[in-house]
Q: 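This is the structure I want to talk about, given as structure tokens.
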Amino acid sequence: MTSNPYIETYKATHLRECQLRQLEILQVIDRICQKHQIPYWLDGGTLLGAVRHGGFIPWDDDIDIAMRLEDMRRFEQVAPQELPAHLFLQSPRTEPDSKEPIVKVRDLNSFYVEPGDDFSAHYQKGIYVDIFPFIDYPTVPKSFAKKMGLAVSKSYSILHKPHHYSLRATAEWFWFGAKYLIARAAWAVAFAVRPRDTYISNILINNGYGIMHRQDSLFPLSTIQFEGLAFSAPRNPYAYLTDLYRNYMDIPPVEKRKIHSVIFITPLTTPTP
């Protein structure tokens, strides 16, 4: 599809507004986590931005954080009572139509369209902060984790996209359904027979690359400066980022510096004084 130069210009012009709105959401999450002693840490491109740029990657328009799965469950319980009225906790439990098996805190006074958003489904589409659930991993070869992560994440994605009846769609459903069940079974066996005291990572559905972090590179958590503010971070962010990106200090070529969203609008309305 040909890009719309007016939309691209709008996004580039208003990117900082989107980033600052996400930073406000992150500050609210940080306050809730500190109040209820819920550990979290900057993850993915947000941690990379903190290390390499001292804040947002200049062309980035999202914020990623992570928590242990059990801590995310606690956050889901307390956050609805703590969030201001314009913020909404989105999860498969609060909005079953939401397209991802993760938690987001969304700003209702904004609009953010991602590739793959379904406008026939009723879920909030405001600017957000992603919260990824982490679990202890079995001590297995990284090649095995990568193979299982790719199988589970790809199968899950295909099985949960809209399908129209056809022979191909039916065959695809059975093929990827079987692939998903086999990979999950193999992963369950690894969980049952291998120790889980060395590695940690995102749940398999979200881990198509099979990333495995050493727990001692993550805990005990430290802090890092992001946009002039202190937020929680892995104990060794350099080892953590190497797991994710290898040569993480390398700046990508211009053609790969892409804003993630299709379009965003903020704010939708101006608050009355």
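Sequence positions, counted from 1, serve as the residue numbers for this chain. Note that the structure is predicted; figures quoted are calculated from it, not measured.
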Q: Does any donor atom in the side chain of H122 or E95 lie under 3.5 Å from an acceptor atom in the other side chain?
A: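 No, because no side-chain N or O of H122 sits under 3.5 Å from a partner of the opposite role on E95.
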
Q: Is V103 close to E76 at the side-chain level, that is, under 4.5 Å between some pair of heavy atoms?
A: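 Answer yes - side chains close enough.
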
Q: When the ring planes of F134 and W41 are compared, do they come out parallel, tilted or perpendicular, using 30° and 60° as the limits?
A: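 The arrangement is perpendicular - the two ring planes meet at more than 60°.
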
Q: For P138 and R194, work out which heavy atoms get closest and say how close.
A: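 Closest pair (atom of P138, atom of R194, distance): CB-CB, 3.8 Å.
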
Q: Test the K146-F144 pair against the cation-pi criterion, namely NZ or CZ under 6.0 angstrom from the six-membered ring centroid and within 45° of the ring axis.
A: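 Checked: cation-pi criterion not met.
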
Q: According to a 4.5 Å side-chain heavy-atom criterion applied to Ile, Leu, Val, Met, Phe, Trp and Tyr, with indirect links allowed, do L229 and L26 form part of one hydrophobic cluster?
A: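 Yes, L229 connects to L26 through the hydrophobic network.
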
Q: Give the minimum heavy-atom separation between R235 and P220, together with the two atoms involved.
A: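 Of all heavy-atom pairs spanning R235 and P220, the closest is CB-O, 3.0 Å.
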
Q: Less than 4.5 Å apart, side chain to side chain, heavy atoms only: is that true for V78 and R74?
A: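 Not touching, per the 4.5 Å side-chain cut-off.
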
Q: Is V262 close to I7 at the side-chain level, that is, under 4.5 Å between some pair of heavy atoms?
A: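 The answer is no, as the side chains (C-beta and beyond) never meet within the 4.5 Å cut-off.
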
Q: Test of understanding: with ring pair (Phe, Tyr, Trp, His ring centres under 6.0 Å), list the residues that count as partners of Y199, not counting sequence neighbours.
A: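 None.
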
Q: Testing the 3.5 Å rule here: is there a donor-acceptor pair between the side chains of D61 and S261?
A: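 A pair is found: one side chain offers a donor N or O, the other an acceptor, under 3.5 Å apart.
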
Q: Quick one: does F75's side chain get under 4.5 Å of M67's, heavy atoms only?
A: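 F75 reaches M67 side chain to side chain.
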
Q: So, E8 and N4: side-chain donor and acceptor under 3.5 Å apart, yes or no?
A: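 Judged by distance alone, the side chains do not pair up.
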
Q: Check whether any side-chain N or O of K125 sits under 3.5 Å from a backbone N or O of Y123 as a donor-acceptor pair, and report yes or no.
A: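 Confirmed, K125 side chain pairs with Y123 backbone.
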
Q: Between D243 and Y209, does any side-chain donor sit less than 3.5 Å from a side-chain acceptor?
A: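 Judged by distance alone, the side chains do not pair up.
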
Q: Does T198 use its side chain to pair, donor to acceptor, with the backbone of T139 at less than 3.5 Å?
A: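 Looks like no, no N/O pair under 3.5 Å.
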
Q: Got a donor-acceptor contact below 3.5 angstrom from the R257 side chain to the P252 backbone?
A: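 Yes, R257 side chain to P252 backbone: donor-acceptor pair under 3.5 Å.
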
Q: Applying side-chain contact (heavy atoms from CB on, under 4.5 Å) to S153 and L204, what does each step give before you reach the verdict?
A: CA-CA 7 Å; S153 62; L204 214 56; over 6 Å; no

Q: So if you build clusters from Ile, Leu, Val, Met, Phe, Trp, Tyr with side-chain heavy-atom gaps below 4.5 Å, do L150 and I158 land together?
A: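 No; I158 is not reachable from L150 via cluster members.
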
Q: Determine whether I200 and Y137 make a side-chain contact, defined as any pair of heavy atoms from C-beta on separated by less than 4.5 Å.
A: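 Contact flag for I200/Y137 side chains = no.
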
Q: When you look at Y156 and F176, which way does the ring-ring contact (aromatic ring centres under 6.0 Å, His included) test go after all the steps?
A: CA-CA 8 Å; Y156 181 92; F176 284 102; over 10 Å; no

Q: Counting C-beta onward and ignoring hydrogens, is there a side-chain heavy-atom pair between P267 and D107 closer than 4.5 Å?
A: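 Contact flag for P267/D107 side chains = no.
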
Q: Can you confirm whether the side chains of Q90 and Q124 place a donor and an acceptor under 3.5 Å from each other?
A: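 There is no such pair between these side chains.
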
Q: Consider side chain to side chain donor-acceptor pair (under 3.5 Å). Of D62, D130, T94, which one does K104 pass it with?
A: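 Of D62, D130, T94, side chain to side chain donor-acceptor pair (under 3.5 Å) with K104 is met by D130 alone.
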
Q: With a 3.5 Å distance limit and no angle check, can you tell me whether T9 reaches the backbone of Y6 through a side-chain donor-acceptor pair?
A: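 No, because the side chain of T9 does not come within donor-acceptor range (under 3.5 Å) of the backbone of Y6.
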
Q: Judged by atom type as modelled, is there a donor-acceptor pair below 3.5 Å linking the side chain of S110 to the main-chain atoms of I127?
A: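 Between the backbone of I127 and the side chain of S110 there is a qualifying donor-acceptor contact (under 3.5 Å).
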
Q: Donor-acceptor check, side chain of R68 to backbone of P39, threshold 3.5 angstrom: yes or no?
A: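 Such a contact is absent between R68 side chain and P39 backbone.
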
Q: I need the minimum non-hydrogen distance between N109 and T266, along with the two atoms involved.
A: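 Minimum heavy-atom separation between N109 and T266: O-OG1, 4.2 Å.
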
Q: Do L89 and P80 have side-chain heavy atoms sitting under 4.5 Å apart?
A: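 A side-chain contact exists here, since the closest heavy-atom pair is under 4.5 Å.
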
Q: Cluster question for you: counting only ILVMFWY and a side-chain heavy-atom cut-off of under 4.5 Å, with indirect links fine, are M249 and W59 together?
A: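 Looking at the clustering, W59 is in the same group as M249.
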
Q: Indicate if I205 and V189 have the same hydrophobic cluster label, given that clusters are the connected sets of ILVMFWY residues with side-chain heavy-atom separations under 4.5 angstrom.
A: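 In one cluster with I205: V189, no.
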
Q: Could you check whether any side-chain N or O of N236 sits under 3.5 Å from a backbone N or O of A239, counting only pairs where one atom can act as donor and the other as acceptor?
A: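 Yes; judged by distance alone, with no hydrogens or angles, the pair exists.
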
Q: Are I57 and Y238 connected, step by step, through hydrophobic side chains (Ile, Leu, Val, Met, Phe, Trp, Tyr) whose heavy atoms are closer than 4.5 Å?
A: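 Yes.
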
Q: Which ILVMFWY residues are connected to F88, directly or by a chain of links, through side-chain heavy atoms under 4.5 Å apart?
A: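 Members other than F88 - counting any ILVMFWY side chain reachable under 4.5 Å - are L108.
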
Q: Evaluate the side-chain proximity of V105 to L83: yes if any heavy-atom separation is below 4.5 Å, no if none is.
A: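 The answer is yes; the side chains approach within 4.5 Å.
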
Q: In this structure, is the centre-to-centre distance between the rings of F226 and F56 below 6.0 Å?
A: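 Centroid distance F56-F226: below 6.0 Å, so yes.
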
Q: Counting distance only, does the side-chain N/O of S222 pair as donor-acceptor with the main-chain N or O of P234 below 3.5 Å?
A: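 Flag set: sc S222 to bb P234 pair under 3.5 Å.
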
Q: Would you please name every residue forming a salt bridge (charged side-chain N to carboxylate O under 4.0 Å, His left out) with E70, sequence neighbours left out?
A: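 Expected list: none.
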
Q: Between R16 and E227, does any NZ, NE, NH1 or NH2 come within less than 4.0 Å of an OD or OE carboxylate oxygen?
A: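 Between R16 and E227 there is a salt bridge, with a charged N closer than 4.0 Å to a carboxylate O.
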
Q: Measure centre to centre between the rings of Y128 and Y112, then say whether the value is under 6.0 Å.
A: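 Distance test on ring centres: under 6.0 Å, yes.
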
